[in-house]
Amino acid sequence: MDSLAAVFRKVGAPVSIERITLDPPGPTEVLVRIAAVGLCRTDYHVMRGERRVAMQPMVLGHEAAAVVEQVGGAVTGISPGDHVVLTFIPGCGKCHWCRRGLHHLCAEGARITQGPQLDGTYRRRDRDGAAVGAFCMIGAFAERAVVDQASVVVIGKDIPFDLASLVACGVPAGVGAARQRARVQPGHSVLVVGCGGDGMNVVQGARLCGAARIIAADIVPAKLDWAREFGATHGVNAQGDALIRAVHGLTDGIGVDHAFVCIDPPSTLLPAFRATARGGNVVVTALTPDTVTEIKIPPLELFVTQKAIMGAVYGFASPRLQIPELLALYRTGELKLRELITRTYGLDEINRGYADLEAGRNLRGVVVFGD
Ligand SMILES: [Zn+2]
Ligand SMILES: [Zn+2]
């Protein structure tokens, strides 16, 4: 079968829109028609060489909602016609973590930048016959994809696809960081550094947790305005020492209970750490380029202030549990999804979409496909 796809061939170059060949699904795999896929910053990090992947060519795209068209003989619980969200970390079901229900920590997650399917083989070829990888074992910047059932969560048919795509990555990453990683409690204070796709969802996650003070920090003024619509009580256009001073000014000199580093950890982690109250949490939700191998935090300061620095991928909870729960919160009106989408694009407009992201024009751009 043929599929139009956006193929990553060279670091620093635009992705190229090509027809690729897609092989039929293996026994544990499904063929899906992609309906919507978000323009997450992670794919952009790959295009720019800041997050290295093991091979090119590779189809990027990992924040997708889709319709199942065909299932392999050993697939259980997924049928043609099902609406699904694809997960960027598979839940293999067999490893140490999956057996505990911690699919966000699945051992197979270490291979999502490699290119092959979960079983180690390829389903995509370019017109020269060369194997084409699939980022996150998904490769959703394409009309169709073949993915393992470990990467599939079936959802209700009432959710519009563009909104469903958002709960594949940005929404659980942000909301979960507040709810499951930091465990923000009613009345707590929160700082969110970087109010893009992840950060805005930390803001709404903190609101869902009942945080009393939610300080949004960004250097793009429009994002501070958006953050207020998602529940931020204060907006701070500052970075570095000025950010620390501003946060202390808003918290009686104490600092926040929880700080979230949602952009550029090399430059934002130390200010976020110092804007956090003694005994508080600092949660990193953003990628750091592979070339940065250390961030300096004075160990004595860490010890005496008794703060915790923690990472959160996928909001530190299984996407299998989180995705249905987040969609339930959308149905009751507690979780904003529509408001996250700034613009939609066609598949051939992906490079323009990322230019808009880079320019700070988008909270989330989403590629939508016609029928
Ligand atoms: Zn993502
Ligand atoms: Zn696993």
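Atoms within each ligand, like the ligands themselves, are counted from 1 in listed order. These numbers come from a predicted model, not from an experiment. Index from 1, following the sequence.
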(Q) Working to 10°, measure the angle at the Zn ion (ligand 2) formed by atom SG of Cys92 and atom SG of Cys106. (A)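 The angle at the Zn ion (ligand 2) comes to 100°, rounded to the nearest 10°.
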Q) Is there a side-chain contact between Pro319 and Ile89 (heavy atoms, below 4.5 Å)? A)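 They are not in contact (no side-chain heavy atoms under 4.5 Å apart), so the answer is no.
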Q.
Regarding Cys95, does it place an N, O or S atom less than 2.8 Å from the Zn ion (ligand 2)?
A.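 A backbone or side-chain N, O or S atom of Cys95 is under 2.8 Å from the Zn ion (ligand 2).
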Q. Does any N, O or S atom of His96, backbone or side chain, fall under 2.8 Å from the Zn ion (ligand 2)?
A.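 Looking at His96, which is the residue asked about, there is no N, O or S atom under 2.8 Å from the Zn ion (ligand 2).
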Q) Looking at Glu29 and Arg123, does any basic side-chain N land under 4.0 Å from a carboxylate oxygen? A)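 Salt bridge: yes.
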Q. Is any NZ, NE, NH1 or NH2 atom of the basic residue among Asp43 and Arg51 found under 4.0 Å from an Asp or Glu carboxylate oxygen of the other?
A.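 Salt bridge flag = no for Arg51 with Asp43.
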Q) Going by the angle between their ring planes, with limits at 30° and 60°, are His188 and His258 parallel, tilted or perpendicular? A)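 His188 vs His258 ring planes: tilted.
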Q.
What do you get for the angle at the Zn ion (ligand 1) between SG on Cys40 and NE2 on His62, to the nearest 10 degrees?
A.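 It comes to 110°.
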